[in-house]
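In what follows, a single structure is set out as structure tokens and then discussed.
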Amino acid sequence: MGTDADADAGPHVRGDASRTDAPSRTGAPGRTGVSARGGALARIGQPLRTPAFRWWFGAQVLSASGAMTQTVALSWLVLQRTHSAWWLGVVTIVTWVPLLLLGPWTGALADRADRRRILIATQAASVLLGLTLALLAPLRPPLPVLLLPTFLGGVVTAFDAPARQVYVVDLVGAGRIAGAVSLYEVTMNASRVLGPALGGVLLGTVGAWACFLANALAYVPPLAVLLAVRPAAVTPAPAARAPRVRGAVRDGLRYVRADPPIRACLPIAAASGTLFNLGVALPVFASRALHLGGGGYGALMAAFGLGALPGAVLAAGGGDPTGRQVRRLALATALLTLLLAGSPNPPVAFAAVAAAGFAGIRFVTAANTLVQLRSTDAVRGRVMAAWSMALPGTLPVTGLLVSAAVQLGGPRAGLLLSAAALAATTLLGWRALRDGT
């Protein structure tokens with residue numbers, strides 16, 4: 001949930017879904033030659049030439065920022081009420097376990113259904129759930145009551161995540177996946193700056209309920225964009241969608257297992273959840289190791305996004321990723337996370353978390369793009385559902401592991417675990433990523 005080449009028309013335009021430069025089954029991506037012709041800026045600008053994508057891109061900055069604002073508020077509210085890292089792990093479980101359990105089926109749905117209609121439903125549901133949390137927060141209900149809308153939001157995310165991944169291809173065409181995925185990471189990391197900054201201000205001046213209200217309102221712009229774009233503009237014709245057949249989920253999982261680079265990327269992505277699940281390790285690290293308040297925690301979250309934003313921009317302007325690039329960036333992220341865990345004071349921590357954000361987002365963007373480029377149109381929804389199950393779907397597991405490490409080993413132990421898990425899975429997949437293109 002919060003959270004994605006025609007003439008200059010309005011949002012009612014035909015997307016580039018009719019392009020035929022999709023990757024082959026052997027994994028060779030459809031190259032566009034953008035780097036050779038126009039360099040990084042041309043590559044970044046290619047997806048933005050699609051008017052519908054421009055509208056969607058701008059709306060995603062707002063909705064993703066709202067989601068981060070809510071994440072900051074909910075984590076801080078739960079920590080202040082329980083003083084326990086275990087409860088932060090519970091928040092992670094109720095948020096992401098629906099995606100982990102439902103992902104294979106919602107991915108198959110994204111392959112054969114109208115992605116736009118799925119997303120209209122998920123954005124509308126997100127508005128209602130954000131409003132519900134905003135009304136509940138001032139009443140100080142028992143935590144299970146407060147977490148019920150969070151769990152329902154996780155169910156919404158299970159349907160939203162694979163549809164959102166494939167919807168980007170509907171908008172810009174398979175030949176521009178790399179640029180579109182990287183630009184989507186730009187929105188996510190702009191949100192990591194804007195969302196925590198807004199969350200810190202609202203927490204310190206108004207209260208958590210205002211953060212939840214801000215999140216609800218942030219889903220209105222993408223809902224408006226989806227309603228404005230005609231189905232034919234972004235959705236393949238019904239005959240082009242995957243038919244509903246028995247064994248579709250099994251076929252998608254078999255496809256993932258048969259491709260070594262995809263198979264290697266998924267556990268690395270899952271391990272990176274121990275770092276990107278900032279709502280578990282970072283509030284305890286900020287409050288107990290660095291002795292920062294709510295505003296300082298929000299600033300630390302924003303510093304991660306501030307470092308990640310240029311990383312996403314560089315990824316958007318680079319060439320199509322390779323397996324070698326993925327494994328190098330993953331190891332660099334692990335080393336920088338180790339540096340963050342050992343930070344002796346706030347200035348070093350802010351610098352280290354920004355550097356980890358820079359390398360981490362480049363790594364995740366490269367891995368995500370590599371997986372998409374090695375997927376054919378017929379199974380892309382199921383493959384990206386498998387990606388979403390790995391990250392963020394495994395956050396219930398990684399969140400519990402990190403919260404256990406923090407509870408048993410202290411405020412720095414969660415970050416140490418993150419560095420170790422990412423390094424270990426990268427080394428295990430090293431050979432499989434040797435030739436991934």
Side-chain angles (χ1 to χ4, degrees), residues 1-3 61-98 121-157 160 191-224 277-284 286-288 292-302 305 395-396 399 403:
M1 295 193 332
T3 79
V61 174
L62 296 176
S63 67
S65 297
M68 287 302 300
T69 300
Q70 175 165 302
T71 297
V72 169
L74 186 61
S75 297
W76 193 255
L77 184 64
V78 169
L79 184 62
Q80 293 304 302
R81 289 185 59 177
T82 65
H83 305 286
S84 170
W86 288 107
W87 271 102
L88 295 177
V90 172
V91 172
T92 301
I93 291 173
V94 300
T95 301
W96 298 114
V97 77
T122 58
Q123 306 313 287
S126 297
V127 172
L128 294 176
L129 290 171
L131 291 175
T132 301
L133 279 171
L135 292 173
L136 284 175
L139 302 177
R140 293 183 60 83
L143 281 180
V145 174
L146 189 65
L147 294 180
L148 178 59
T150 306
F151 172 77
L152 294 176
V155 175
V156 171
T157 299
D160 184 271
S191 76
R192 286 188 172 97
V193 178
L194 300 174
L198 178 61
V201 170
L202 292 178
L203 276 175
T205 58
V206 184
W209 70 268
C211 297
F212 301 138
L213 178 61
N215 180 48
L217 296 177
Y219 282 101
V220 174
L223 179 58
N277 189 12
L278 297 174
V280 176
L282 210 57
V284 182
S287 62
R288 299 180 187 174
L292 299 173
Y297 160 56
L300 203 62
M301 290 274 284
L395 290 184
S403 62

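Count residues from 1 along the sequence.
Looking at heavy atoms from C-beta onward, L129 lies out of side-chain contact with Y219 at the 4.5 angstrom threshold. Residues V284 and L88 are in side-chain contact: their nearest non-hydrogen atoms beyond the backbone lie under 4.5 Å apart. Inter-residue side-chain proximity for L135 and T132 is flagged as unmet; no heavy-atom pair is nearer than 4.5 Å. Contact check for F212 versus L74: side-chain heavy atoms found under the 4.5 Å cut-off. For the pair L77 and L146, the minimum side-chain heavy-atom distance is below 4.5 Å.
Considering every non-hydrogen atom in both P222 and Q123, the closest pair reads CG-OE1, 3.8 Å. Here the closest non-hydrogen pair linking L79 and S287 is CD2-OG, 4.4 Å. V94 approaches V91 most closely through the heavy-atom pair CG2-O, 3.3 Å. Of all non-hydrogen atoms in L292 and Y297, the two that sit nearest each other are CB-N, 4.4 Å. Nearest heavy-atom pair, P141 versus A137, reported as atom, atom and distance to 0.1 Å: CD-O, 4.5 Å. Between C211 and T69, the closest heavy-atom pair is CB-CG2, 3.6 Å.
Separation of atoms OG1 (T150) and CG (L133) is listed at 5.0 Å; rounding is to 0.5 Å. A distance of 11.0 Å separates CG in L131 from OG in S126, rounded to the nearest 0.5 Å. The CH2 atom of W76 sits 8.5 Å away from the CG atom of L203 when rounded to the nearest 0.5 Å.
Between T122 and the choices V156, T157, L223, the side-chain contact (heavy atoms from CB on, under 4.5 Å) rule is met once, by V156.
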Set out, in order, the CA-CA distance, both residues' side-chain angles and the distance that settles side-chain contact (heavy atoms from CB on, under 4.5 Å) for L202 and L213, then state yes or no. CA-CA 11 Å; L202 292 178; L213 178 61; over 6 Å; no
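The number of heavy atoms from other shown groups lying within 6.0 Å of CZ (R288) is above 12.
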